[in-house]
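First the structure, in the form of structure tokens, and then the observations on it.
This is a predicted model, so every value here is computed, not measured.
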Amino acid sequence: MKKLNLRSRKIFGMTSILLVLLLAGCKSAPAGRPVDALELIDDQSSFYIAVPKAADNVLIERIISGFYKDASEADAKMIADHVNKIYCGLNRSKHGTEVQASVEGNIPSKLIPKVLNEKKGWIVSDYSPSNSVNKYKTYSGQIEMSFPSSKIACVGRNLEGMLNKYDSLAALPAEDTTALYSDLDEELTSYLKGAENEIRFFANKPQSFLTILTGAQLDLKLIDVKGSFTTDPKHENQYLLDLDFRFKNGTFLKAGRTLLVLAFGLTNSQEEIIGDSELLINDIRIDKQQLYKLLSL
């Protein structure tokens, strides 16, 4: 009997050592490189915008409602409360607005089935990138969504492409110190990433954007326009808008400046010309509903 007890103790001891080694191995396994939400936005949009929660939580709720049109006001607010920042790429046409969005936040997994389920009209399926063992739940309804991690949501156009990129980036080692693997150029990613207490945008085809803001068809020969919205401290229902226009040349700048002065009702103190083709306009007061209309999805 003593021999049996001794043998049992040896087996138990070996099992304990093996278990400890396994647990130690699990703890020491590398977590991998964190994926940044902005890295998942591609370069196929004509308008990009970064909306941090700190800048306008109501706009976050409006965007959520645009993604999920049947969501109740309470559902939209509940989801928005878990969002820190939304990056959107938009393409507007006569058929409507095409959107691609990557959402940065803290999204509890138990929340998703309550909001996105088959009873509410969503088709739930699995997607696995090629040459990957990982599977991601996708939700198809008025728009396509997926939640590859508790910190990121992918929405809209080219969802599979976004998941493919997430999967490949998440597999990189934690030691990878590359700031961003983005399809967008470095200057643009830096600009959008820096949005903290203001809404920042960039348009490489700004015509429809300007029409919505001014209510006029402006024939401006622009390369692009970027700018920011901040809430007017004196009027909570208004933004202060700063714009940076890059014209194709100085001749177009002079003509465009005249049209913009008339459209926005500017004073001399609000504008500044940089070089021979760049025009800065500051502190334009616009109603928040104008931006909400621009982002109506």
Side-chain angles (χ1 to χ4, degrees), residues 31-56 59-60 63 67 83-92 97-107 129 145-206 208-209 222-230 239 241-246 274 277-278 280 291 294-295 297:
R33 177 187 177 277
V35 179
D36 191 292
L38 183 54
E39 293 178 302
L40 306 182
I41 296 294
D42 66 29
D43 60 357
Q44 299 302 304
S45 295
S46 59
F47 184 91
Y48 295 92
I49 189 165
V51 185
K53 183 176 184 175
D56 191 338
L59 180 55
I60 295 284
I63 294 173
F67 294 159
V83 171
N84 294 329
K85 187 183 288 186
I86 297 179
Y87 297 105
C88 281
L90 304 175
N91 286 316
R92 293 184 68 87
T97 301
E98 179 188 64
V99 61
Q100 180 186 59
S102 185
V103 182
E104 173 188 297
N106 182 13
I107 306 157
M145 302 186 193
S146 186
F147 303 83
S149 80
S150 62
K151 296 183 178 180
I152 291 179
C154 301
V155 182
R157 178 178 58 75
N158 193 23
L159 184 68
E160 290 186 0
M162 297 176 80
L163 292 175
N164 290 344
K165 188 162 189 184
Y166 175 87
D167 192 75
S168 63
L169 292 178
L172 294 174
E175 294 77 20
D176 189 314
T177 57
T178 303
L180 287 174
Y181 287 98
S182 177
D183 295 345
L184 306 175
D185 69 57
E186 187 175 349
E187 184 179 350
L188 177 54
T189 55
S190 177
Y191 183 70
L192 295 174
K193 187 69 179 169
E196 295 297 338
N197 297 304
E198 61 184 14
I199 299 162
R200 291 187 177 183
F201 66 89
F202 171 84
N204 51 38
K205 295 179 181 177
S208 61
F209 163 70
L222 291 164
I223 298 173
D224 54 46
V225 59
K226 68 178 180 180
S228 63
F229 296 90
T230 54
Y239 289 121
L241 169 61
D242 292 341
L243 292 167
D244 183 348
F245 297 92
R246 288 201 307 156
I274 306 294
S277 60
E278 187 173 1
L280 306 183
L291 182 59
L294 174 69
L295 295 178
L297 308 175

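To the nearest 0.5 angstrom, Ile223 atom CD1 is 13.5 Å from Phe245 atom CZ. Atom CD of Glu160 and atom SG of Cys154 lie 12.0 Å apart (nearest 0.5 Å). One finds the CG atom of Leu291 at 5.0 Å from the OH atom of Tyr239 (value rounded to the nearest 0.5 Å). One finds the CG atom of Asp36 at 6.5 Å from the CD atom of Glu104 (value rounded to the nearest 0.5 Å). Note that the CG atom of Leu40 and the CG atom of Leu163 stand 8.5 Å from one another [nearest 0.5 Å]. In this structure, the separation between OG on Ser45 and CD on Gln100 is 5.5 Å, given to the nearest 0.5 Å.
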query = Passes side-chain hydrogen bond (donor to acceptor under 3.5 Å, both in side chains), Asn204 versus Ser46? Steps please.
reply = CA-CA 5 Å; Asn204 51 38; Ser46 59; 4.9 Å; no
request  = Determine, stepwise, if the pair Arg246 / Asp224 fulfils side chain to side chain contact (heavy atoms under 4.5 Å, CB included).
outcome  = CA-CA 6 Å; Arg246 288 201 307 156; Asp224 54 46; 2.5 Å; yes
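Of all heavy-atom pairs between Ala179 and Glu39, the closest is O-OE2, 4.4 Å. Of all non-hydrogen atoms in Ala50 and Leu192, the two that sit nearest each other are CB-O, 3.6 Å. Contact record, Ser190 with Arg200: O-NH1, 4.5 Å, taken as the closest heavy-atom pair. Here the shortest heavy-atom pairing between Met162 and Ala101 reads CE-O, 3.3 Å. Nearest approach of Asn84 to Gly105, heavy atoms of both residues: ND2-CA, 3.6 Å.
Formation of a donor-acceptor pair under 3.5 Å by the Ser149 side chain with backbone atoms of Ile152 is found in this model. For Lys85 (side chain) and Lys193 (main-chain N/O), a donor-acceptor pair under 3.5 Å exists by modelled atom type. Remark: side-chain polar atoms of Thr189 are paired, donor with acceptor, to backbone N or O of Glu186 under 3.5 angstrom.
Proximity of Leu184 to Phe202: side-chain heavy atoms (C-beta onward) are nowhere separated by under 4.5 Å. For the pair Val99/Cys88, a side-chain contact is recorded, criterion being any heavy-atom separation below 4.5 Å from C-beta on. Between Ile199 and Ile49 the shortest side-chain heavy-atom distance falls below 4.5 Å.
For residues 162-174, every residue pair satisfying the side chain to side chain donor-acceptor pair (under 3.5 Å) rule, not counting sequence neighbours, is listed here: Tyr127-Asn164, Ser132-Asp167, Asn134-Asp167, Tyr136-Asp167, Lys165-Asp183.
For Arg157, the salt bridge (Lys or Arg N to Asp or Glu O under 4.0 Å) partners at least two apart in sequence or on another chain are Asp42, Glu98. Residues that satisfy the side-chain hydrogen bond (donor to acceptor under 3.5 Å, both in side chains) test with Thr178, not counting sequence neighbours, are Asp176, Tyr181. Residues that satisfy the ring-ring contact (aromatic ring centres under 6.0 Å, His included) test with Phe201, not counting sequence neighbours, are Phe47, Phe209, Phe229. For Tyr191, there are no ring-ring contact (aromatic ring centres under 6.0 Å, His included) partners two or more places apart in sequence or in a different chain. For Lys226, there are no side-chain hydrogen bond (donor to acceptor under 3.5 Å, both in side chains) partners two or more places apart in sequence or in a different chain.
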